Peer 1: 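One structure, as structure tokens, below. Some questions next.
From a predicted model like this one, the values you see are computed outputs, not experimental measurements.
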Amino acid sequence: MAMPIPLTRVRLCFGWPDCLGCQCLQAVRVDTVVDVAIPWQSHDKFVGRDSECCEIVHSLLDAGWCDAGLCHQTGVECGQYRLLGIDWILNIEIDTVKVRVLHERQLFGDPLLLVRLVGELVDGEARSIDETHAMTVRGAEQLWIGIRVEKSDRCQDAPVVGLVALLFSLSIRTLFAFDEPSGVPVYVMLPLDTLSNDNQLNNASTLYQQLVYLKENSQISGVMTDVWWGLVEQQPNQYNWSGYEQLFNLVTKANLNIKVTLSFHQCGGNVGDTCNIPLPPWVLSVGKSNPDIFYTDQSLNRDEEYLSCGIDLEPLFGGRTPVDIYADFMASFKQTFAYLMPETLREIQVGLGPAGEMRYPSYQLAYWTFPGVGEFQCYDKYLLAQLAAAANTSGNPLWGHAGPNNAGTYNSVPSQTGFFYNGFQNYQSTYGQFFLTWYSDTLIAHGDRILSQASSIFAHTNVNLTAKVSGIHWWYGDPSHAAELTAGYKNDQGQAYIDIATMFAKHGVAFDFTCLEMRDSEQPASCLCRPEELVGQTKQAAMQAQISYSGENALQRYDQAAYSEIEYESTRYNFLISGFSYLRLDDYLLSSQAFPLFQSFVSTMSSLQA
């Protein structure tokens, strides 16, 4: 069953019937805006300051839930207000006494509607709703609407309220049966070096020609680009967005939409990296005197591509913590580019680790080759202190000195190790489960802190938030799931991705995943790769957590086999993914050898239905 379609904006209009040109309830669909016009007998019903209804609307204004607007017919300021919010502002309960904003969620499986009262906006009292009128609407996906209109003993316009209630109950299908875009929007990732290390747009004229060609010759929705922390904040709290302003203006000129990844990691050192963009110099300077700010392996190799989650709350950067730094960066981004949200800038992916993925850097290319199990990255002094504290709390202080001493090295296979096989104190032991749980929980807590900031900062922008999880498919078929464990995904008991998805759901963040193009049969059997099972598990986790799921291809592919696999995964379990980001724009993609297949792929994706 499809996820609910998010209405990014709902507008309520209270005004004269003749002003609105209507004598009955209307709903007008314009792109992502729904105008619901309710004719009141008196125009000052919602304008006069002494009106009880006016107090309700002003409580919405004061709470930041809506803003004043102009009448869409006359252009004059009347009683029109726009209700602001994200997915959860889908259900509205109205009469002349009460205005409530409800939260709706759709369950998978049985077609049930859950409705929770966010708040009684008159007195702030929160309580559950017992009865809700819920109906489905036509379209490729289902939108669930729950509306109840109540009369009140204090209501002086009961006939009007009764009319509204009647129209809602009789005409909700007609009013809200607008056509939603079907299919899966495809975005093309821009080259990693789209901006130079001087924060300037590279080859602007060539890029513009490519964007126009894509727009005119395919059905792509837009492009995706990294927004590099290392380019923008060269000095603490000083943000230079000029390169991205150039880029976004160019994309807008080509009439394409934009997704961004807020990349708090370095570019360089991961699969497919074609440039070198380090962390900001003032961050690296702290690392020279205190290398423990970086993830560290058992041989004390420091990984400078991302700050250790062990220092999330440590004020090591001029009194700021990393969480503060990321939040300040996001706030500046929002302030600078709010004018593009959400009409052009549709999605923000929040980077949470190496390659923008929420994981530990367990398979660094400087030391690792496929299909090694990787190494645990908990040997900086901050994470070791947290491990020691957790071990003391568990009553086993000896467990807190280090990670497992029998987990092999980067390029080991599970059977060569004691920890991932059948050795003493292996992953199944009480010690092993303690360590793996702590290691995973610490990573999830890191994501939780940053996404909490992101969801607060980008609230009311109507931009979709996502976070990315790595597609670690090698050794998935081994009981230990060794390569996932070293990355922080505790999947030995099949729970890793539901735990992550549950945390994402807490913040209204969608689950983005890689390797949708991979088939089991394409992988070497010796390392028990199971990309198809892995994608299936992550997708089911998103379904269970009731969040959207989007995908990417992990490796550059131009062939029909890869496209067909992506198409299959996009509708698997009758759960349509919310978007797909294609890796990546280059000259070959636009060549006569590759582009026709890509055109066909995008066309197919645009017509998919769950």
Side-chain angles (χ1 to χ4, degrees), residues 264-266 269-270 279 283-284 286-314 316-317 321-322 352-355 357-369 372-394 396-412 414 416-420 423-427 429 431-447 449 470 472 480 482-490:
F264 299 114
H265 61 284
Q266 79 169 20
N270 279 295
L279 300 187
V283 172
L284 296 177
V286 173
K288 289 179 179 177
S289 59
N290 182 8
D292 286 284
I293 67 172
F294 300 117
Y295 284 120
T296 305
D297 65 22
Q298 61 188 341
S299 301
L300 300 185
N301 297 306
R302 313 286 187 174
D303 180 58
E304 296 187 359
E305 62 182 313
Y306 189 79
L307 293 175
S308 167
C309 63
I311 65 165
D312 275 356
L313 303 178
E314 299 288 339
L316 302 174
F317 303 92
T321 70
L352 298 174
E357 299 164 339
M358 196 184 81
R359 64 174 174 86
Y360 294 98
S362 56
Y363 50 99
Q364 304 164 38
L365 292 185
Y367 312 107
W368 172 88
T369 57
V373 298
E375 289 193 14
F376 293 110
Q377 305 289 315
C378 59
Y379 291 88
D380 64 78
K381 67 182 182 183
Y382 300 97
L383 282 177
L384 284 177
Q386 293 175 25
L387 174 61
N392 286 333
T393 300
S394 76
N396 298 281
L398 294 179
W399 290 354
H401 296 309
N405 61 8
N406 59 345
T409 61
Y410 283 102
N411 295 310
S412 298
Q416 294 172 338
T417 74
F419 187 76
F420 299 119
F424 177 70
Q425 297 285 53
N426 74 347
Y427 73 95
S429 67
Y431 161 73
Q433 289 298 299
F434 158 78
F435 173 79
L436 292 173
T437 299
W438 168 81
Y439 191 67
S440 174
D441 286 351
T442 300
L443 179 66
I444 291 175
H446 168 68
R449 294 184 193 106
S470 182
I472 302 177
S480 69
E484 293 165 272
L485 296 184
T486 58
Y489 304 155
K490 190 182 181 301

Peer 1: Would you sort out whether D297 and F376 count as a side chain to side chain contact (heavy atoms under 4.5 Å, CB included), showing the intermediate values?
Peer 2: CA-CA 6 Å; D297 65 22; F376 293 110; over 6 Å; no

Peer 1: Run the side chain to side chain donor-acceptor pair (under 3.5 Å) test against Q416 and tell me which residues pass, sequence neighbours left out.
Peer 2: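 Not a single residue meets the side chain to side chain donor-acceptor pair (under 3.5 Å) criterion with Q416.
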
Peer 1: Any chance you could measure E304, atom CD, to L284, atom CG, to the nearest 0.5 Å?
Peer 2: 6.0 Å

Peer 1: If only atom types and distance count, is the side chain of N396 paired as donor or acceptor with the main-chain N or O of Y431 below 3.5 Å?
Peer 2: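 Not a single qualifying donor-acceptor pair exists.
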
Peer 1: Apply side chain to side chain donor-acceptor pair (under 3.5 Å) to T321 and list each qualifying residue two or more places apart in sequence or on a separate chain.
Peer 2: D324

Peer 1: Determine the minimum heavy-atom distance between D380 and S308, stating which atoms define it.
Peer 2: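 Result for this residue pair: OD2-OG, 2.9 Å.
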
Peer 1: Is the backbone N or O of Y367 less than 3.5 Å from a side-chain atom of N411, with the two atoms forming a donor-acceptor pair by type?
Peer 2: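 Checked: pair present.
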
Peer 1: Got a sec, which residues hit salt bridge (charged side-chain N to carboxylate O under 4.0 Å, His left out) with E357, two or more places apart in sequence or on another chain?
Peer 2: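 With neighbours one apart ignored, the set is R359, K468.
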
Peer 1: List the atom of Q298, the atom of G408, and the distance in Å for their closest heavy-atom pair.
Peer 2: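 Distance-wise, the nearest heavy atoms are NE2-O, 2.9 Å.
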
Peer 1: Only counting residues at least two apart or in another chain, list the ones meeting ring pair (Phe, Tyr, Trp, His ring centres under 6.0 Å) with F434.
Peer 2: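 Expected list: W399.
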
Peer 1: Which value, rounded to the nearest 0.5 Å, describes the distance between H265 atom NE2 and L279 atom CG?
Peer 2: 9.5 Å

Peer 1: How far apart are the closest heavy atoms of A487 and I472, and which atoms are they?
Peer 2: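 Smallest interatomic distance, heavy atoms only, reads CB-CD1, 3.2 Å.
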
Peer 1: Of all the heavy-atom pairs spanning P361 and E305, show the shortest one and how long it is.
Peer 2: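 Nearest pair, atom of P361 first, then E305: CB-OE2, 3.7 Å.
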
Peer 1: Ignoring hydrogens, what is the shortest heavy-atom contact between L383 and G310? Give both atom names and the distance.
Peer 2: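 Reported closest heavy-atom pair: CD2-CA, 3.6 Å.
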
Peer 1: Pick from D292, N290, D312: which one makes a side chain to side chain donor-acceptor pair (under 3.5 Å) with Y382?
Peer 2: N290

Peer 1: Who pairs with Y360 by ring pair (Phe, Tyr, Trp, His ring centres under 6.0 Å), at least two apart in sequence or on another chain?
Peer 2: Y295, Y439

Peer 1: Find the distance between CZ (R302) and CD (Q377) and round it off to the nearest 0.5 Å.
Peer 2: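 If we round to the nearest 0.5 Å, R302:CZ and Q377:CD are 11.0 Å apart.
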
Peer 1: So V286 and F317, do their side chains get closer than 4.5 Å, heavy atoms only?
Peer 2: yes

Peer 1: Using the side chain to side chain donor-acceptor pair (under 3.5 Å) criterion, which residues pair with E314? Sequence neighbours excluded.
Peer 2: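 If we apply the side chain to side chain donor-acceptor pair (under 3.5 Å) test to E314, skipping adjacent residues, there are no hits.
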
Peer 1: Measuring from T486:OG1 to Y363:OH, what's the distance to the nearest 0.5 Å?
Peer 2: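 Going from OG1 on T486 over to OH on Y363, the span is 9.0 Å.
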
Peer 1: Check salt bridge (charged side-chain N to carboxylate O under 4.0 Å, His left out) between D303 and all other residues, then give those that pass, not counting sequence neighbours.
Peer 2: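 With neighbours one apart ignored, the set is empty.
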
Peer 1: My understanding is that only residues two or more places apart in sequence, or in another chain, count here; which of them pass ring pair (Phe, Tyr, Trp, His ring centres under 6.0 Å) with Y427?
Peer 2: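 So Y427 forms no ring pair (Phe, Tyr, Trp, His ring centres under 6.0 Å) with any residue.
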
Peer 1: Within this structure, what is the CG-OG distance for the pair L352 and S470, rounded to the nearest 0.5 Å?
Peer 2: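 Interatomic distance, L352 CG to S470 OG, rounded to 0.5 Å: 12.5 Å.
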
Peer 1: For a 4.5 angstrom cut-off between non-hydrogen side-chain atoms, does L485 reach F435?
Peer 2: no

Peer 1: Does the side chain of Q364 come within less than 4.5 Å of E375's, by heavy atoms?
Peer 2: no

Peer 1: Specify the closest pair of heavy atoms between A483 and S362, including all atoms of both residues, with the distance to one decimal.
Peer 2: O-OG, 4.5 Å

Peer 1: Rounded to the nearest 0.5 Å, what separation is found between the OH atom of Y410 and the OG atom of S299?
Peer 2: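 Rounded to the nearest 0.5 Å, the OH-OG separation comes to 7.5 Å.
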
Peer 1: Who pairs with Y379 by ring pair (Phe, Tyr, Trp, His ring centres under 6.0 Å), at least two apart in sequence or on another chain?
Peer 2: none

Peer 1: Do the non-hydrogen side-chain atoms of W438 and T393 ever get within less than 4.5 Å of each other?
Peer 2: no

Peer 1: Suppose we screen for side chain to side chain donor-acceptor pair (under 3.5 Å). Which residues come up paired with D441, at least two apart in sequence or across chains?
Peer 2: none

Peer 1: Check for a donor-acceptor pair, side chain of Q425 on one end and backbone N or O of G418 on the other, with a separation under 3.5 Å.
Peer 2: no

Peer 1: According to side chain to side chain contact (heavy atoms under 4.5 Å, CB included), who are the partners of N426, at least two apart in sequence or on a separate chain?
Peer 2: Q428, S429

Peer 1: Please enumerate all residues that pass side chain to side chain contact (heavy atoms under 4.5 Å, CB included) together with L313, with sequence neighbours excluded.
Peer 2: V323, R449

Peer 1: Only one of L443, T437, L436, I444 passes side chain to side chain contact (heavy atoms under 4.5 Å, CB included) with S440; say which it is.
Peer 2: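 Exactly one pass, corresponding to I444.
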
Peer 1: Kindly indicate whether the side chain of V373, heavy atoms from C-beta on, has any atom under 4.5 Å from the side chain of F419.
Peer 2: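 No; the side chains remain at least 4.5 Å from each other.
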
